[in-house]
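Note that ligands are numbered from 1 as they come in the structure, with each ligand's atoms numbered from 1 the same way. FYI, the numbering just counts along the sequence from 1.
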Amino acid sequence: MSATAKRTVTVTLDGTNKSTSLPLLSGTAGADVFDIRKMYGDLGIFTYDPGYGATASCESKITYIDGDVGILEYRGYPIEQLAENSTFLEVCYLLLNGELPNPAQSAEFELGVMRHTMLHEQIRSFYNGFRRDAHPMAIMCGVVGALSAFYHDSLDINDPESRRISAFRLVAKLPTIAAWAYKYSIGQPFMYPRNDLTYAENFLYMVYGVPAEEYKVNPILSKAMDLIMILHADHEQNASTSTVRLAGSTGANPFACIAAGIASLWGPSHGGANEAVLKMLSEIGHVDNIPAFLADVKDKDNHTKLMGFGHRVYKNYDPRAKLIQKACHDVLAELGIKGDPLLDLAMELEKIALSDPYFIDRKLYPNVDFYSGIILKAMGFPTSMFTALFAVSRTVGWVSQWQELIEDPQQRIGRPRQIYTGPATRDYVPMSKRG
Ligand code: CMC
C-alpha cells in the first residue's frame, strides 16, 4: 500500500489572500503527515525543521517505530517476536525482501550470503596502510568505500541484479572487514571466514579464533551475538540511514553510500553511544559518585550527557533495551561474571535516573546502547569495536533502505533548503580600503 490522502490541511499566509490546500497523507500506522511539496509554488514559503524532528523524508515499508509506547517492528513483525524466534540472517531476508522466507528461500539466501564472505585478497594490503591503533570505524569507512573499486560488475544501480549482488556482498563482507580491523589492531593473523558457521558464529570465530588452535564458539555467546545483530538491524530514518539515503539519492554506488552511513554512525549521539556508555561508567567509577555525576548532567553549562539515555523518537522505554538487558544477564551468568562492578553501576544509575524528575520530565529512558556496551565488554570485545559491531548489524538495514530508495518512483536528489541569515548583498571592498 502507498500513503493515501483522505483529508487536506489548509495553510493561509497571514496578511495576504494566499492560501493552499495540502494533502494529509495516512500510512499503515503512525501520525498523518501533510505533503508540503506544492507549498513553495503556492505560497512562496519553505518549512523550517532543523534535525528533521517533524519531517517525514520518505515513504517506507520497512520499519515502524511508535516511540510514545515503545514499539519497534520490522516489516510489521514486533521486535520481541523476532528476537525470540528468528535469526539474524532470516531478519536480513525479511528486511531486504519484505516477507519471511520459506525453507527453500531461506537455504538459498543463507548460501548466497555465506558465499560472499571472503574479501578480495588485495584488500588485505589496505590494512597495512593503517596505524595499528587506528579506530576500527576509521578502517571500516575506508575499506567499505574501497569495495566499489573491486566490484565494477555490480555498480549499475539501475540494474536489479547488480543491486541484489551488492546487497549480498555488503551484508556478507562487513563482518570480515570489522573482524580484520580488530585482528590488525592486536597484531594477530587475519582469520578467513568459515561458511559452515552461522553468521554470528563466523563473526566470533574471525574475531577470537587464531590459526594455532581450534576455536569452539560458545552457543550462549553466539545466540547473544545473533540477538544483538537482530536488535540493531534497522531503525527507520535515523541519522546514518538518512545519510545513506541522501548519498544514494545522488546516484552514488551502494558501497560509497554504506561507507557514508558508517561515518554517520560513528558519532557519540548515534552508534558511538555504546562506546561512550562504557567510558562514562569507568569515569563514574563507583555508585557513590553517581549523585555528583547526575548533578553535572543537569547543569546546563556542563554539556555532560547521561550516555545511553534518551532518544529522538522513543519517549518511553526503548524496546531493544528491555531485550538486551535480559540477554546481558544471561551472558554474564554464562561467563560466571557475578557482581560485575560496571553492571552494578549501570543498574544503580538506571534506577536513580528513572526516578529522577529531570529524566522523568524529559521522558529520558535507557536506550539500546546503555546495555549493548556492557554485554559486548563481557563477551570480550574492546570498546573500540562496539560501534564497528553496530555497523556490521545495521548494514542490512542501510542496504534495504537504499534499495527501497532506488526503487521509489518519487525519489529525487535530496536537497534541503535553508533560511539565509548571513550578510545582505554588498559590494566587494578592495584590500587597500579595508580598515
Ligand atoms: N542526558 C541528559 N539530558 C538529556 C539527554 C541525556 N542523555 N538526552 C536528552 N537530554 C535532555 C536535553 O538536554 C534536553 O533538555 P532541555 O529540554 O532542558 O533542553 C531534553 O532532554 C530533550 O533532548 P533533545 O536534545 O531535544 O533530544 P534529541 O532528540 O535532540 O537527542 C539524543 C536525542 C539520542 C541525541 C540524546 O538523547 C542523547 O544525546 N543521548 C545520549 C546519547 C545516546 O545514548 N545516543 C544513542 C541513541 S540510541 C542508538 C542510536 O539510535 O544510535
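Listed by chain and number, P268, S269, H270, G271, A273, V297, K300, K305, L306, M307, G308, F309, G310, H311, R312, Y358, R362, L364, N367, D369, F390 each place a non-hydrogen atom less than 4.0 angstrom from ligand 1.
For the residue pair T304 / D296, no side-chain donor-acceptor distance below 3.5 Å is found, with atom types taken as modelled.
Listed by chain and residue number, nothing satisfies the side-chain contact (heavy atoms from CB on, under 4.5 Å) test with R412 (two or more places apart in sequence, or in another chain). Listed by chain and residue number, nothing satisfies the ring-ring contact (aromatic ring centres under 6.0 Å, His included) test with Y77 (two or more places apart in sequence, or in another chain).
Judged by distance alone, the side chain of R394 and the main-chain N or O of H232 form a donor-acceptor pair under 3.5 Å.
Checked against the 6.0 Å centroid criterion, the rings of F309 and F370 qualify as a close aromatic pair.
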Which atom pairs, donor and acceptor, lie under 3.5 Å between side-chain atoms of residues 349-358 and protein residues at least two apart or in another chain?
residue: E350; atom: OE1; partner: Y371; partner atom: OH; Å: 2.4
residue: E350; atom: OE2; partner: Y317; partner atom: OH; Å: 2.2
residue: E350; atom: OE2; partner: Y371; partner atom: OH; Å: 3.2
residue: K351; atom: NZ; partner: E348; partner atom: OE1; Å: 3.4
residue: S355; atom: OG; partner: K351; partner atom: O; Å: 3.3
residue: S355; atom: OG; partner: I352; partner atom: O; Å: 3.1
residue: D356; atom: OD1; partner: K298; partner atom: NZ; Å: 3.4
residue: D356; atom: OD1; partner: Y358; partner atom: N; Å: 2.8
residue: D356; atom: OD2; partner: K298; partner atom: NZ; Å: 2.6

